[in-house]
Number of protein chains: 2
Amino acid sequence: MEKRVIPVKTVERLVLYKRLLRDILAKGESSLYSHQLAKMANNTPAQVRRDLMMIGYAGGTPRKGYQTQELIDRIIQILDESKEQKIVLVGIGNLGRAILSYFSFQQPGFTIAAAFDSDESKTNRVIAGCRCYHLREFAEKIKETDAKLGVITVPAQHAQQVADMMIECGIKGILNFAPIPLKVPDNVFIDRIDITMALEKVAYLAG
Amino acid sequence: MEKRVIPVKTVERLVLYKRLLRDILAKGESSLYSHQLAKMANNTPAQVRRDLMMIGYAGGTPRKGYQTQELIDRIIQILDESKEQKIVLVGIGNLGRAILSYFSFQQPGFTIAAAFDSDESKTNRVIAGCRCYHLREFAEKIKETDAKLGVITVPAQHAQQVADMMIECGIKGILNFAPIPLKVPDNVFIDRIDITMALEKVAYLAG
DNA sequence: AATTACCCGTGAAACAATTCACATTGTTAT
DNA sequence: ATAACAATGTGAATTGTTTCACGGGTAATT
Ligand SMILES: NC(=O)c1ccc[n+]([C@@H]2O[C@H](COP(=O)([O-])OP(=O)(O)OC[C@H]3O[C@@H](n4cnc5c(N)ncnc54)[C@H](O)[C@@H]3O)[C@@H](O)[C@H]2O)c1
Ligand SMILES: NC(=O)c1ccc[n+]([C@@H]2O[C@H](COP(=O)([O-])OP(=O)(O)OC[C@H]3O[C@@H](n4cnc5c(N)ncnc54)[C@H](O)[C@@H]3O)[C@@H](O)[C@H]2O)c1
């Protein structure tokens, strides 16, 4: 029962800050102010400072702001990106393939170690550098790769059984693209990206 | 300055409820209780009732619960899904194509009216039933289709200029898949889906 | 050296979302 | 009929998040 100290909302913003800070650094800016980061992140200086307070960072100085590199390092340390994260993906359809190709030649820190599908015509080949297996080989391959994260891109009606299988095989975190909430035990973290819901929301709020 | 009465979080759940209720109805259940819907939505009966209260729905009865069809109708009415929503998509890459094919033969209520890319090799053809044009034809085609919603699936460094162009052409709602926040005027609603951020969050919270 | 301007860190206040808890009410059983 | 029950609708309490506002400090300016 570990106590979660950093709010999820803050974690989300930290991931964003890290990316923005890297852009900053690439532009040669070795230090910055909270209001500069806030502007890029579309939030407020107070929120930036509060977020940094949440991770126990107090390395800013009034007239020079924060050291870009130092701040990046601190965020990386908090997010614990010391080791490469191994991911397995189930559902080699349109969306699954888009994700495979994106992570194949980008995204340091994350590797899709293997992909699976129940359709024989999608398996036993390499897509975007990722080996694709039949679902029946899941348990075996996951032991080989020692992946702890899973991505679900199968149709909604099969998503729960895929999640169950992942958890059975030791997956601890799941990103679910199927448009239904899945039941998972407390020790597994799950997040859902629901593209259709996001569009409906935009349609409503734009109206 | 219109007053927004329904919280965004509630809107998100309403979209989910609507889908779940349709599944319920398809199974032949003509009525249901808040705790049943809550179980499917992975939340609490109190939250379901609160959400329904937000949309001014008080048609439940203590012993019979809610009428499935009536509730669906009410949610649809609130979300204002009377007319087909026209969408334009910019960035016919891996993710863009996945979205095109998904919405082509699914998703009642939404039509991707046209897609655009700056790469000539991606344009002047039909992908998943959607016509693909060069970006220079954007203004012209958007007038023809009268689309009010836009989806951005271009690389991050081009996302802001694409958003600016969309807004210039009268787009009122944008769904942005590029991993940076975009600046838009107050009268335009924008939402971002950041897949990499979601994965980093899962990695952190699963750890 | 003193003055000024600016920004950080954070306690406190304000605001937003969720959960609690209960009076109310329709349904069923006796 | 009437009693017992089970689920609704909602005010109040709680919990979570964001914003305010100010003390303290640092560097540039005079
Ligand atoms: N593509 C999009 O833009 C989009 C938008 C909104 C939601 N989604 C959701 O994302 C998910 C995937 O969408 P898609 O467009 O890639 O669909 P898709 O039909 O192209 O791909 C689904 C893949 O899953 C495989 N599959 C089916 N059952 C399986 C099982 N039990 N085990 C393993 N593999 C299985 C299929 O063989 C297929 O390859 C769906 O749940 C969909 O609702 C996608
Ligand atoms: N595919 C994924 O799984 C994934 C994951 C995380 C984030 N993203 C983000 O989604 C976006 C799209 O990803 P993708 O994998 O489809 O990339 P992609 O490179 O496959 O596609 C990008 C497309 O945008 C087009 N483009 C570039 N500049 C343009 C411009 N100014 N106007 C019009 N079109 C232009 C390119 O020609 C290309 O067709 C990127 O911002 C990426 O960071 C994608």
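Letters A, B, ... are given to chains in the order of the sequence lines, protein chains preceding strands, and every chain is numbered from 1. All values reported here derive from a predicted model rather than from experimental measurement.
Note: CD (Glu12(A)) to C1' (dG16(D)) measures 14 Å, nearest angstrom. Between the C1' atom of dT17(D) and the CE atom of Met53(A) lies a distance of 13 Å, rounded to the nearest Å.
Judged by distance alone, with hydrogens and angles left aside, the side-chain atoms of Gln36(B) form a donor-acceptor pair with the main-chain N or O of Tyr33(B) at under 3.5 Å. In this structure, the side chain of Thr111(B) does not engage the main chain of Glu84(B) through any donor-acceptor pair within 3.5 Å. Not one N or O on the side chain of Lys141(A) forms a donor-acceptor pair closer than 3.5 Å with the backbone of Cys132(A). Of the possible polar contacts, one joining the Thr153(B) side chain to the Gly91(B) backbone as a donor-acceptor pair under 3.5 Å is found.
For residues 192-202 of chain B, proximity to DNA chain C is found at no residue, defined as any non-hydrogen atom under 4.0 angstrom from a strand atom.
Using a 4.0 Å heavy-atom criterion, one finds that Gly56(B) contacts no nucleic acid atom at all. At the heavy-atom level, Ser34(B) lies under 4.0 Å from the strands shown only through sugar-phosphate atoms.
Atom CZ in Arg97(B) sits 6.0 Å away from atom NZ in Lys122(B) (nearest 0.5 Å).
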Hey, what are the protein-to-nucleotides 26-29 of chain D N/O distances that come in under 3.5 Å?
none

Are there any protein N/O atoms within less than 3.5 Å of an N/O atom in nucleotides 19-23 of chain D, and if so, which ones and at what distance?
| unit_1 | atom_1 | unit_2 | atom_2 | d |
| --- | --- | --- | --- | --- |
| dT19(D) | O4 | Arg50(A) | NE | 3.4 |
| dT19(D) | O4 | Arg50(A) | NH2 | 3.0 |
| dA21(D) | N6 | Arg49(A) | NH2 | 3.4 |

